[in-house]
Amino acid sequence: MTTTQVRAACPLDCPDTCALLVTVEDGVATAVKGDPDHPTTAGVLCTKVARYTERTYHEDRLLYPLKRVGRKGEGKFERISWEEALDTIAGKLTAIAARAPEAILPYSYCGTMGLIQGESMSSRFFNKLGASLLDRTICATAGFTGYKYTVGASVGTDMEQFQNAKLLIIWGGNPIASNLHFWTRAQEAKRNGAKLIAIDPYRSLTAEKCHQHIAPLPGTDSALALGLMHVLINEDLLDHDYIANYTLGFAQLRQRAQEWTPERTAATCGITAQEVIDLARLYGGMAKAGEPVAIRANYGVQRVRGGGMAVRNIACLPALVGAWRHAAGGMQLSSSGSFPTNKPWLQRTDLLKKIPRTINMTTIGDDLLRPASPDFGPAVEALIVYNSNPLAIAPESDKVMRGFLREDLFTVVLEQFQTDTADYADIVLPATTQLEHIDAHTSYGHLYMMANNPAIAPMGEAKPNTEIFRLLAAKMGFDDDCFKESDDQLAAQAFNTRDVRAVGFDWDALKRKGWQKLNMRDAPFAQGGFFTPSGKCEFYSAQMEKDGLDPLPAYVPPYESVASNPALAARYPLAMISPPARNFLNSTFVNVKSLRAAEGEPHLDIHPDDSAARGIAAGDMVRIFNDRGSFVAKARVTDKARAGLVVGLSVWWKKLATDGKNANEVTSQQLTDMGRAPTFYDTLVQVEKVSA
Ligand code: SF4
């Protein structure tokens, strides 16, 4: 027997981007383990990816091209050849492109985070075609934008420093479920005497293990940050030298913060004034004493109307107290802006003959149902879905489904499994998993460039996304040289070696070693050097003013809350959030039996006061509903959900859920204050017991 170990990288939408070691015995991958030598992975994987072979060799893997023979959504398909599949797709797209190329829409996100199997050959293909552009906003753009206005780029505290912090505020995230290797360092910090505080409307697994849990109402984090600023300023818990040298607009901020007394903050957030005061005193006091204080902000805070502003406000705090002076202080939202990637070259934006319209992936429900009009342009006639499962993950699911049901819509889905979305395809193309293809990766949690070597041959007739778009390009007569480049050639130019951060990057060496750390200094803003127009942390942002936004930190109330929309709340009085279930990663892994078994079935966590008021007992089946739709889950009566809040851990495949529906039946397509992002946690619902 020949046994080898192959260096790989986790492709999933998780900040940790683990380095993997894949054991291959006679061409079969038998184990996937964390690389013990990679500093952030440290030999540990989450339970999901530790079972990656179960997923790769799953009996339901799609192994051949398929064409639909039943009704859309019915899931009836028959095997066809690659030749027939490619001819059919190329024929359809060529005909549509001759009339209206913008009627063709790619739909993709982070099913893989890889630079190569994500947006490289696919983007080249759609750019050449002149297809509509997709605004890929479904996760991070609100927070990204708010952070960018304030700090300048998604750069922050190095994950490898958090164990040295003395105060760690985990704001809007549940790292045990979705940032495991940060959590390892947080625990180390705890053992070293650090205090851990979780800010989250829900008492998550992480919040339970922190020293303190503060539970603001969803959508009120920006108010909490303003209240903290008020106390920091009024009690002079500030780093005046840092503020004077490295920030912009303190005088205006001081004035704005006066509006946010602890009492007003408490009333807005549904917490006590003392919680606001104590947190500010702890944070500012420790910073003043020279201790490293750090904030790990995550995307929970930004899935509401004011999500961009919430991240902006939080990002002002480290500059006020001078927390950036320490390598283990400051804040991390994402490290993605640290990587000098060569995306314009990978995606060949120069192939665009003109800038086509852009369709927001968050509003796919509305946009698939939109007729042609002078404002919108042509109706969407062809949809090519890869690395995404919009039927499960896009908001206002009923509209998404009605769009996919359109008989005049031609839908192609590149997939590893017959997902909810694949059921609506006209043609399904089998795609490889991470063990079967090459890729190069950045991370949004750590600072390593990563290589993924293929460990095994593609299963069945599955092909990498790149190869599928290469073949389609050839079928459509696109003869530019860029369509002939191999995955190795693409990966070799994934990073910009003229940038000092990627100095020494060499693809062959990266493939052998598996990773290479960016050349960056610790404590990136210890002496200012922010990436904003002024080079300072911008409490006042002229760019925001230009963009029609409040240039100062502000509170943007939710679209849907008891305080901001009492008329709606009279009918739908409970706020609902739908954070990630521990055993799923967005909608990936829901079809892996062992992981689904660990989750059990769709649950709704509801506070005892709210369940009692509705005659609901633990274990009852309940219907969660609003004007947009409904879904059924089993009630878990628990004070983990604060009163007035219900929590449905997600994202279930609809066809594997209790009633064929999931939490996105009730979420809305409204967008955030900035970044054009979704507002999944800005949702009012009512809950009722389902009669037997
Ligand atoms: S999902 Fe995250 S924690 Fe799990 S293996 Fe991938 S990168 Fe690591």
Side-chain angles (χ1 to χ4, degrees), residues 5-23 29 31-56 109-115 117-118 139-140 158-160 162 170 173-188 204-206 296 298-300 332 334-336 339 387 389 393 416 433-437 439-453 455 514-515 517 579-592 594-596 598-599 649-651:
Q5 285 219 311
V6 178
R7 291 192 180 279
C10 178
L12 297 170
D13 188 357
C14 167
D16 296 18
T17 319
C18 288
L20 312 178
L21 287 178
V22 185
T23 306
V32 176
K33 298 227 158 68
D35 187 338
D37 297 330
H38 181 240
T40 60
T41 307
V44 177
L45 299 182
C46 63
T47 45
K48 298 167 283 228
V49 174
R51 296 172 190 275
Y52 202 76
T53 54
E54 194 179 331
R55 188 170 185 279
T56 298
Y109 199 63
C110 292
T112 169
M113 297 290 294
L115 291 167
Q117 304 305 334
C139 183
D158 183 348
M159 178 176 167
E160 291 181 77
F162 282 117
I170 300 169
N174 177 13
I176 292 180
S178 51
N179 190 186
L180 186 64
H181 297 81
F182 160 77
W183 179 245
T184 308
R185 287 172 188 269
Q187 282 179 303
E188 196 181 332
S204 66
L205 287 171
T206 302
R296 176 65 170 109
N298 223 308
Y299 291 108
Q332 191 195 69
S334 162
S335 61
S336 61
F339 290 85
N387 300 337
N389 183 8
I393 58 92
Q416 298 156 350
T433 69
Q434 187 79 341
L435 301 192
E436 300 153 71
H437 56 227
D439 221 325
H441 286 258
T442 60
S443 169
Y444 63 99
H446 62 59
L447 296 174
Y448 291 84
M449 297 177 279
M450 310 284 289
N452 184 73
N453 292 288
W515 70 87
K517 194 166 188 182
R582 186 179 186 179
N583 294 286
F584 305 153
L585 207 154
N586 301 326
S587 73
T588 305
F589 294 110
V590 181
N591 64 325
V592 174
S594 60
L595 293 168
R596 193 165 72 252
E599 283 301 320
L649 299 179
S650 293
V651 178

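Both counts, for ligands and for their atoms, begin at 1 and track the order of listing. Along the sequence shown, residues are numbered consecutively beginning with 1.
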Q: Give every protein N, O or S atom lying under 2.8 Å from atom 6 (Fe) of ligand 1, naming each by residue and atom.
A: Cys10 SG

Q: If only side-chain N and O atoms count, and only distance matters, is there a donor-acceptor pair under 3.5 Å linking Ser594 with Arg51?
A: yes

Q: Check ligand 1 against His181 and write out every atom of the ligand that is under 4.0 Å from a heavy-atom position of the residue.
A: 3 (S), 8 (Fe)

Q: Closer than 3.5 angstrom, by distance alone: can the side chain of Asp16 be matched with the main-chain N or O of Gly445 as a donor-acceptor pair?
A: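 Side chain of Asp16 to backbone of Gly445: no pair is present.
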
Q: Between His446 and His38, is the ring centroid distance below 6.0 Å?
A: yes

Q: Do Ile170 and Trp183 have side chains that approach each other closer than 4.5 Å (heavy atoms only, starting at C-beta)?
A: yes

Q: So do Thr112 and His441 actually touch side chain to side chain, heavy atoms under 4.5 Å?
A: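 Yes, their side chains come closer than 4.5 Å.
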
Q: Give a yes or no on whether the backbone of Leu45 and the side-chain of Lys33 come within a donor-acceptor separation of less than 3.5 Å.
A: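 Not at all, since once roles are kept as given, no pair shorter than 3.5 Å links the two residues.
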
